[in-house]
Amino acid sequence: MTRDAVTSARHQHRRRWMLAIPLVCFAFWSGGIGAAAQAAELPRILVLATGGTIAGQADPRATGAYKSGQITGEQLMQSVPGLDKLAKINAEQISSIGSQDMNDKVWFALARRIQDAFDKNEADGVIVTHGTDTLEETAFFLDNVVRGDKPVVIVGSMRPATAVSADGPGNLYEAVQVAADPRSRGRGVMAVLNDKIQGARSVTKTNTTSIETFSSANDGPVGYVDTAGGIRFMAQAPGFRRTTYQLPAGEQLPRVEIVYSHANMDAVPIEDAISHGAKGIVLAGVGDGNTSKSALDALEAAAKKGIVVVRSTRVRSGFVTRNVEVDDDKNGFVVSEDLNPQKARVLTQLLIAGGVTASAELQKAFTATW
Ligand code: ASP
């Protein structure tokens, strides 16, 4: 090749590069813009972490032992691959406790933060990470006080992050799928665990350790979710209504005790609740909300003193019915309908806090869903 030919080949090569560089830059620039535009379109999910086994870590000294609430919400979300494709996630820590220690203070903080995020349009959906022991109570409390139709999903796990075959990452992924889906709007607070979406009113923990523990005895799951098949919502009963109550000022609900009924029951637990200043008593009755004659007499005396008495049941499914074996009209009692004792307690607390103490009005609130 002559000197001239080499020079012209070099020039051609340089010219090609000069053309190619802007093209490459454009490709990067447009790719960046595309990714940014895609990220901007993703639903904004606020994660509020409270602790629980889902944030638990094994105790290296003891097989099977672990401590709840050791990992932050942010670490939790980062540990699940692929979430960035589903949503723009922002995590905040509300508490780091096992849910056996769940309390009014955390409940009020959660309710206020969720409402604020929705009112200021900071999020399209909220996920609460929670221990499974009292998950159903927090779900029901939030369902009763958070206004609006944006989805609130509560999620936990039965095994800590360090366990073989931990269930937390899958549950978190599915919780984001549900919270980010526009079809989840207007369905109230939902619990998402082990491929099931369950309503706050009916979901309950039924097994101490199995990952298949949550079920909705009276009405079944609201829907199903899995990473491959997506979300399938079941038909919702027509006429279903959700009532929300004003969150009381401060950070404490009135004292309402649950009294568990059993064979050979006497009045002592009821008298005890009264002497400790209970404003309400929920009976976890036998069968259709029944209890012994002496316990019933004590409850009747309590109602006469203005203490709210709600008959629920220790039986896992069914409804507690008025005026069957107990004369509720005469005694001024309320029946919990489908609400288990721990949820009947939450509703009783909210009603008393709102100044509702007359039995007829209380009863209306318990049946308002139908
Ligand atoms: N004790 C734990 C808790 O409720 C159990 C769990 O999360 O599964 O925080």
Side-chain angles (χ1 to χ4, degrees), residues 47-77 79-80 91-111 113-114 126-143 152-176 178-179 189-200 202-217 221 225 253 258 316 340-343 345-346:
V47 176
L48 301 177
T50 67
T53 295
I54 194 164
Q57 260 179 337
D59 178 347
R61 295 158 305 169
T63 323
Y66 67 90
K67 250 187 139 191
S68 280
Q70 300 297 294
I71 299 168
T72 65
E74 200 163 335
Q75 288 169 317
L76 261 186
M77 300 316 280
S79 71
V80 185
E92 294 174 15
Q93 202 70 30
I94 300 291
S95 64
S96 295
I97 56 175
S99 74
Q100 55 271 46
D101 284 321
M102 191 44 66
N103 55 69
D104 289 359
K105 200 168 174 214
V106 177
W107 276 3
F108 279 61
L110 280 173
R113 182 65 191 105
I114 297 170
V126 170
I127 292 175
V128 176
T129 63
H130 201 287
T132 58
D133 290 353
T134 60
L135 182 145
E136 64 195 84
E137 284 160 73
T138 301
F140 186 66
F141 169 74
L142 294 175
D143 195 52
V152 177
V153 171
I154 188 158
V155 62
S157 77
M158 293 299 287
R159 298 174 183 154
T162 44
V164 176
S165 193
D167 53 331
N171 287 349
L172 280 173
Y173 192 93
E174 291 178 353
V176 176
V178 175
V189 176
M190 292 171 283
V192 173
L193 294 101
N194 210 28
D195 300 344
K196 291 197 187 82
I197 310 168
Q198 312 204 50
S202 41
V203 68
T204 193
K205 187 173 183 177
T206 64
N207 189 289
T208 51
T209 53
S210 166
I211 58 167
E212 180 53 9
T213 181
F214 283 96
S215 83
S216 299
V225 52
L253 293 166
I258 297 173
R316 206 171 78 70
N340 65 22
Q342 54 271 33
K343 292 185 194 183
R345 175 177 172 270
V346 174

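Owing to the predicted nature of the structure, the values given are computational and were not obtained by experimental measurement. One-based numbering, in listed order, for ligands and for the atoms of each.
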Q) What pairs meet the salt bridge (Lys or Arg N to Asp or Glu O under 4.0 Å) rule with one or both residues in residues 128-141, with sequence neighbours excluded? A) Asp133-Lys205

Enumerated ligand 1 atoms positioned under 4.0 Å from heavy atoms of [X]:
X      : answer
Gly98  : 9 (O)
Ser68  : 2 (C), 9 (O)
Ser157 : 6 (C), 7 (O), 8 (O)
Gln100 : 1 (N), 2 (C), 3 (C), 4 (O), 9 (O)

Has ligand 1 got any nitrogen or oxygen that is less than 3.5 angstrom from a nitrogen or oxygen of [X]?
X      : value
Thr132 : yes
Thr134 : no
Lys205 : no

Q | Residue pair Ala179 / Val126: nearest heavy atoms and the distance that separates them | A |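 Result for this residue pair: CB-O, 4.3 Å.
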
Q | Thr50 and His130 side chains, donor-acceptor separation under 3.5 Å | A | no

Q: Determine whether the side chains of Tyr66 and Thr162 contain a donor N or O and an acceptor N or O closer than 3.5 Å.
A: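 Per modelled atom types, Tyr66 and Thr162 side chains form no pair under 3.5 Å.
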
Q: Please report which non-hydrogen protein atom sits nearest to atom 4 (O) of ligand 1, along with the residue it belongs to and the distance in Å to one decimal place.
A: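 For this ligand atom, the closest protein heavy atom is Ser99 OG, 2.5 Å.
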
Q. Taking C-beta and beyond as the side chain, do Leu193 and Leu135 meet within less than 4.5 Å on heavy atoms?
A.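 Leu193 vs Leu135: side chains touch.
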
Q. Do Arg159 and Ile211 have side-chain heavy atoms sitting under 4.5 Å apart?
A.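 Arg159 vs Ile211: side chains touch.
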
Q: Ignoring hydrogens, just give me the one of Ile54, Thr50, Thr53 whose non-hydrogen atom is nearest atom 2 (C) of ligand 1.
A: Thr53

**Q.** Polar side-chain atom of Thr134 near backbone of Gln100 as donor-acceptor pair, under 3.5 Å
**A.**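 It does not hold such a pair.
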
Q) Does Gly156 have a non-hydrogen atom less than 4.0 Å from ligand 1? A)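 Not so, Gly156 does not reach ligand 1.
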
